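Below: one structure, written as structure tokens.
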Amino acid sequence: INCGALLGHIKSIDSGETNLENAVGQTGSEELIRIVFSSWEAVTQHPLLLSSHLPTIVDWVLPPLVYLVLGQNVEWRVFSLRLLLETTYLVANHEATSGEEERHLATNNKWLTLIRESLLPHYEQILMEPDPVPLYALKLLVTLTDYSPLFIRLIEESQIVPSLFHVILEQQDNLVGTAMQSVVLLLNNLVAYKDVNMKALYEQGLVDHIRNLIIEATGLYLEMDDKRSVKTSSNLLLTLIDILHSMLKHVSNIVRLALQAQKSGTGGDTQAAEDLLLINKPLTDLISLLIQLICSEDVDVSESALLSLSLMVQLYGGEHHQSLTSQNVASLAEALRSSRHPKQQKLLLRVIKRLVSESERRGGSLWREGDALIEVLQSLSRTASSHADIGIAWLAAEILRIIGL
């Protein structure tokens, strides 16, 4: 409470309600502000101490920090935003890991009102400020949206999504920078939320942004040599693929519901499903990249890429004319050969079957340049030593039948 009261005094100094400089001079006033900030920063280094005072922190400390983020002094605004981020993260992290039923950040009306009415309306301006302000601001939104979907709804209401895409454009030359990673994490939280307004995201260019980012991130990932850089680029790539998967899953759900309604004779909005397929069709440009990524040595990357590739070909088949290039066929053969998990092999075989069926329909001939893949398929088709292998053998034999072998 005392720390909150001191931060409240700083707020009154910053707003001009209290004129401390007349009493102690500018240097003395700035020194007091610095001491108060440093004192609270020191307190945040002790999470266990904070954990027993969460309601007090949300009531007394976070509100003045929000006010100071919007204050007059640039230096104190940056300091306040960093402290607001660190304090919010500690509260959110403790409540998430402790299993406590009460969620102070999502139930305190004073705090929520400050976020909705004071902080978020200024976020467009905050995100346009010089570094490190946008970075801290983005991390704060990531923390809040990780914590509760309530804050996703507040972000939607505040209409700051266009500013997020502006940050992406501003940071496109620094793909693995912290700001880009933060805005991508935030988009992932938004897109993964089942009740998010996808239409609004599409209108802001979500499809093109994600397609372009995955193309750039994949190129960067495949070029990286040093382990530290590979880890950073793989984290970014994994988050982008997660976003892609959520987008495809959203389309898949709408298409499935439309088909079910049509099949049952209850009608269904097939036009909406067709429009959605058309909006997301540029994502098929990623098929070749996803095929390359399923050969990645990073298991997380390869598995995530396969899941998205599977959804992609379920929705679009092999519509992309370069789906079965010689390089892609070689990658599919390598992925199939190196896979040791029956579930992964089955998923990959279904992908190959769909791509091959579409290619053959268009007059393609896999056997002309797919020797390596055909060899693996023939080997699998002869393997039926277990119940799981029977399904694999059948799929492999079915693909060989489709191509006339």
Side-chain angles (χ1 to χ4, degrees), residues 164-165 167-188 191-192 201 205-251 280-316 318-339 344 347-348 351-352 354-355:
L164 302 181
F165 289 115
V167 171
I168 288 175
L169 293 174
E170 289 286 312
Q171 297 291 327
Q172 59 187 356
D173 292 332
N174 187 20
L175 204 60
V176 294
T178 310
M180 179 64 88
Q181 292 185 63
S182 296
V183 76
V184 168
L185 284 170
L186 180 56
L187 276 178
N188 189 29
V191 175
L201 292 174
L206 175 69
V207 171
D208 287 338
H209 282 295
I210 295 305
R211 178 194 59 187
N212 295 338
L213 282 173
I214 289 179
I215 290 172
E216 293 175 22
T218 301
L220 192 65
Y221 172 74
L222 295 174
E223 290 172 3
M224 289 291 186
D225 290 324
D226 107 75
K227 290 184 178 179
R228 191 171 185 179
S229 299
V230 168
K231 183 64 177 175
T232 303
S233 62
S234 68
N235 287 341
L236 176 68
L237 183 58
L238 279 169
T239 307
L240 287 167
I241 295 175
D242 283 346
I243 295 174
L244 173 64
H245 190 263
S246 295
M247 293 168 67
L248 294 172
K249 198 171 179 181
H250 172 72
V251 178
N280 286 271
K281 190 173 181 180
L283 296 175
T284 60
D285 291 346
L286 302 173
I287 288 178
S288 290
L289 290 180
L290 292 172
I291 289 173
Q292 292 179 50
L293 290 172
I294 62 176
C295 295
S296 171
E297 294 180 1
D298 187 320
V299 175
D300 291 332
V301 171
S302 62
E303 290 182 354
S304 295
L306 180 56
L307 288 174
S308 289
L309 179 62
S310 175
L311 265 180
M312 187 90 75
V313 298
Q314 286 177 45
L315 291 168
Y316 296 98
E319 285 194 21
H320 196 272
H321 67 282
Q322 294 182 335
S323 296
L324 284 181
T325 61
S326 56
Q327 181 182 6
N328 287 352
V329 171
S331 295
L332 290 168
E334 175 59 29
L336 199 53
R337 186 185 297 111
S338 59
S339 176
Q344 296 294 105
L347 189 58
L348 185 51
V351 167
I352 295 170
R354 188 65 188 271
L355 292 175

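Throughout, numbering of the chain's residues begins at 1 and tracks the sequence. These figures come from a predicted structure and were not determined experimentally.
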Notebook entry, point to check: Any donor and acceptor pair, going by atom type alone, linking the side chain of T284 with main-chain N or O of K281 inside 3.5 Å?
Noted result: yes
Notebook entry, point to check: Going by the side-chain hydrogen bond (donor to acceptor under 3.5 Å, both in side chains) test, which pairs reach into residues 329-338, not counting sequence neighbours?
Noted result: E334-R337
Enumerate, atom names and distances included, each donor-acceptor pair closer than 3.5 Å involving a side-chain atom of residues 167-180, sequence neighbours excluded.
none

Next item on the list: With sequence neighbours excluded, tell me which residues meet side chain to side chain contact (heavy atoms under 4.5 Å, CB included) with N328.
Entry: S288, I291, T325
Note to self: Enumerate the side-chain hydrogen bond (donor to acceptor under 3.5 Å, both in side chains) contacts for residues 290-303, please, sequence neighbours excluded, ordered by first and then second residue.
What the structure shows: Y221-S296
Margin query: Using 0.5 Å steps for rounding, measure from the NE2 atom of H245 to the NE2 atom of H250.
Written below: 14.0 Å
Check: What pairs with L348 under side chain to side chain contact (heavy atoms under 4.5 Å, CB included), at least two apart in sequence or on another chain?
Finding: I294, L306, L332, A335, L336, I352
Next item on the list: Would you sort out whether L236 and V184 count as a side-chain contact (heavy atoms from CB on, under 4.5 Å), showing the intermediate values?
Entry: CA-CA 8 Å; L236 176 68; V184 168; 3.9 Å; yes
Notebook entry, point to check: What pairs with S246 under side-chain hydrogen bond (donor to acceptor under 3.5 Å, both in side chains), at least two apart in sequence or on another chain?
Noted result: none
Next item on the list: Take V351 and Q314, measure what side-chain contact (heavy atoms from CB on, under 4.5 Å) needs, and give me the verdict at the end.
Entry: CA-CA 8 Å; V351 167; Q314 286 177 45; over 6 Å; no
Next item on the list: State the CG-CD1 distance between L286 and I214, to the nearest 0.5 angstrom.
Entry: 5.0 Å
Checklist line | Minimum side-chain heavy-atom gap V251-L311 below 4.5 Å | finding: no
Note to self: To the closest 0.5 Å, what do you measure between CD1 (I241) and CG (L213)?
What the structure shows: 12.5 Å
Checklist line | salt bridge (Lys or Arg N to Asp or Glu O under 4.0 Å) partners of residues 211-223, not counting sequence neighbours, each pair once | finding: D208-R211, R211-D285
Checklist line | By ring pair (Phe, Tyr, Trp, His ring centres under 6.0 Å) - contacts of H209 (at least two apart) | finding: F165
Notebook entry, point to check: About how many Å separate CG of L309 and CZ of R354, when rounded to the nearest 0.5 Å?
Noted result: 11.5 Å
Margin query: Run L307 and L347 through side-chain contact (heavy atoms from CB on, under 4.5 Å) and show every step you take.
Written below: CA-CA 8 Å; L307 288 174; L347 189 58; 3.9 Å; yes
Next item on the list: Would you please name every residue forming a side-chain hydrogen bond (donor to acceptor under 3.5 Å, both in side chains) with D242, sequence neighbours left out?
Entry: none
Next item on the list: Mind running side-chain contact (heavy atoms from CB on, under 4.5 Å) on L206 and I210 for me, showing each step along the way?
Entry: CA-CA 6 Å; L206 175 69; I210 295 305; 3.7 Å; yes
Next item on the list: Quick one: pull up OG1 in T218 and CG in L240 and give me the separation to the nearest 0.5 Å.
Entry: 8.0 Å
Check: In Å and rounded to the nearest 0.5 Å, what is the CG to CG distance from N280 to L315?
Finding: 8.5 Å
